[in-house]
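Note: hydrogens, waters and symmetry copies are ignored here, and every other heavy atom, side chains too, is used. Letters A, B, ... mirror the listed sequences (proteins, then strands); counts begin at 1.
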2 protein chains.
Amino acid sequence: MATEQPASLDPTQLDAYFALIEVTSLLRHAVEQQLKDAGDLSYVQFQLLARLGDSPSGSHRMTDLADGVVYSRSGLTYQAQLLEQRGLVTRAPAPDDERSTIVTITDEGRAVLSKVFPGHRALLTELLFDPLTTADVSALAGVLGRVRDHMRAAPPRSAAPRRRKGA
Amino acid sequence: MATEQPASLDPTQLDAYFALIEVTSLLRHAVEQQLKDAGDLSYVQFQLLARLGDSPSGSHRMTDLADGVVYSRSGLTYQAQLLEQRGLVTRAPAPDDERSTIVTITDEGRAVLSKVFPGHRALLTELLFDPLTTADVSALAGVLGRVRDHMRAAPPRSAAPRRRKGA
DNA sequence: GTTGTTTGCTTCGAATCCGAAGCACTGAGG
DNA sequence: CCTCAGTGCTTCGGATTCGAAGCAAACAAC
């Protein structure tokens, strides 16, 4: 009963929402399977390696990785340990800030990445892009890009930094 | 060097893919938080209740639920147990096939569902639909709907039913 | 420089997740 | 009827996940 009535979502919105969830779930499961078969990587591990591989220095701070991949800090620590054990990344304290840990992809990490990439691309093409026209893909990228920017700009209502002093 | 070159994805495709993953991750985390706060439900639990609530009979078989929600069988068993313990659903063997388990939403389950819905809608509106025009939403629903149909039609390369006899 | 706060990461415990193996029922053949 | 394959679900074990709490470096205010 406030100024805005909750106004149930209209059917098109529901369609969009459900399709979004469903497509992503299916895609994710398929990709996870492929990554595991091709290089024994979890989806997160792949995302981490990919991000590191994209970086000019091949490095990133833990926090930036967690943030980019939308993952909990503790979860990232765990995955980074696994990757380090396999020799796919190295971890070292940052020179300028002893608190930060800099994760860097190794040659072996890059090797795994390139071993896995072709299958990844093929799967995406087959599942996601095959049924779409170029225009569709553009539209998708445009619309979702806008949503992403919106979400990134306005963090959760409770952008809970650790224990605020004032409310 | 086969007949088809892997042909790296073009930039627009990458944009679409990354935006898709990122938007869904962010959205999912936000929704999970809201559901937990509002009704102490996990995302899966909410999806299950919602599906049951949509059904005319308020019931579904376990397998159909797992399939619809894209979840492992064992995971579904676990979640269904939790929901049953809380009295939000009941479980009973199917009359016509003793193997199947029919899950049915209870009045209490519906109550929780309706307690959680408004906040859910509000969150979706705020995060997902706010930055989009009606046309955008239509486009999204159309494109993703097509992808979903495509994915559902062509199950994973290894549509591994249990241990095939031939191959 | 010293105290108090913030920030970056890890450790800890509990919850959740999945695949493999197991159990129970069904249906087809003989 | 008996067997055998197929299906539906659960159990089991191990891996992954997260949030809360802990620790250490950095920064601000004095």
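The OH atom of A:Tyr71 sits 19 Å away from the C1' atom of C:dG8 (whole-angstrom rounding). When the P atom of D:dC18 is taken as reference, atom NZ of B:Lys36 falls 12 Å away, rounded to whole Å. Residue A:His29 contributes atom NE2, which lies 6 Å from atom P of C:dC18 at whole-angstrom precision. In this entry the distance linking CG of A:Leu48 with P of D:dT16 reads 13 Å, nearest Å. Remark: P of D:dA15 and CD of A:Glu32 are 17 Å apart, rounded to the nearest angstrom. When rounded to the nearest whole Å, the span between CD of A:Gln79 and C1' of D:dA15 equals 10 Å. The CG atom of B:Leu41 sits 17 Å away from the P atom of C:dA15 (whole-angstrom rounding). The distance from atom CE of A:Met62 to atom P of D:dA24 is 18 Å, rounded to the nearest whole Å.
Here D:dT7 is the nucleotide among D:dT16, D:dT7, C:dC17 with the atom lying nearest to any side-chain atom of B:Arg99. For B:Ser74, counting side-chain heavy atoms from C-beta on, the closest listed nucleotide (D:dG19, C:dT10, C:dA20) is C:dA20. Comparing C:dT16, C:dT11, D:dT16 against the side chain of A:Tyr78 picks out D:dT16 as the nearest. Distance from the side chain of B:Val44 is smallest to C:dC17 among C:dC17, C:dT10, D:dT16. Proximity note for A:Ser100 (side chain, C-beta onward) versus D:dG8, D:dT10, C:dG8: the nearest is C:dG8. Closest to the B:Arg61 side chain, of the nucleotides C:dT10, D:dG8, D:dT16, is D:dG8. Of the listed nucleotides (D:dC18, D:dA25, D:dT10), D:dC18 has the atom at the smallest distance from the side chain of A:Ser72. Considering only side-chain atoms of A:Asp97, the nucleotide from C:dT16, C:dT10, D:dA25 that sits closest is D:dA25.
Counting only heavy atoms from C-beta outward, the side chains of B:Leu48 and B:Leu76 approach each other to under 4.5 Å. The shortest side-chain heavy-atom distance between B:Arg28 and B:Val31 does not fall under the 4.5 Å cut-off.
Within the nucleic acid shown, B:Thr77 comes within 4.0 Å of at least one base atom, counting heavy atoms only. Residue-level contact check: A:Leu82 touches the backbone only, with heavy atoms under 4.0 Å from sugar-phosphate atoms and none from bases.
B:Ser42 contributes atom OG, which lies 8.5 Å from atom CD of B:Gln47 (distance to the nearest 0.5 angstrom).
Within the 4.0 Å cut-off from OP1 or OP2 of C:dG8, not a single side-chain nitrogen or oxygen of A:Arg73 is found. Neither OP1 nor OP2 of C:dT16 sits under 4.0 Å from any side-chain N or O of B:Gln45. Checking the phosphate oxygens (OP1, OP2) of C:dT11, a side-chain nitrogen or oxygen of A:Gln81 falls inside 4.0 Å.
For the pair A:Arg152 and B:Glu22, the salt-bridge criterion is met [side-chain N within less than 4.0 Å of a carboxylate O].
Panel note: side chain A:Ser59, backbone A:Ile102; no donor-acceptor pair is recorded below 3.5 Å.
Residues A:Asp136 and A:Thr133 bring a donor and an acceptor atom of their side chains to less than 3.5 Å of each other.
Two residues, A:Pro95 and A:Leu76, neighbour DNA chain D, and the one matched to the more 5' nucleotide by heavy-atom proximity is A:Leu76.
With hydrogens and angles ignored, no donor-acceptor pair under 3.5 angstrom links the side chain of A:Thr101 to the base of C:dG8.
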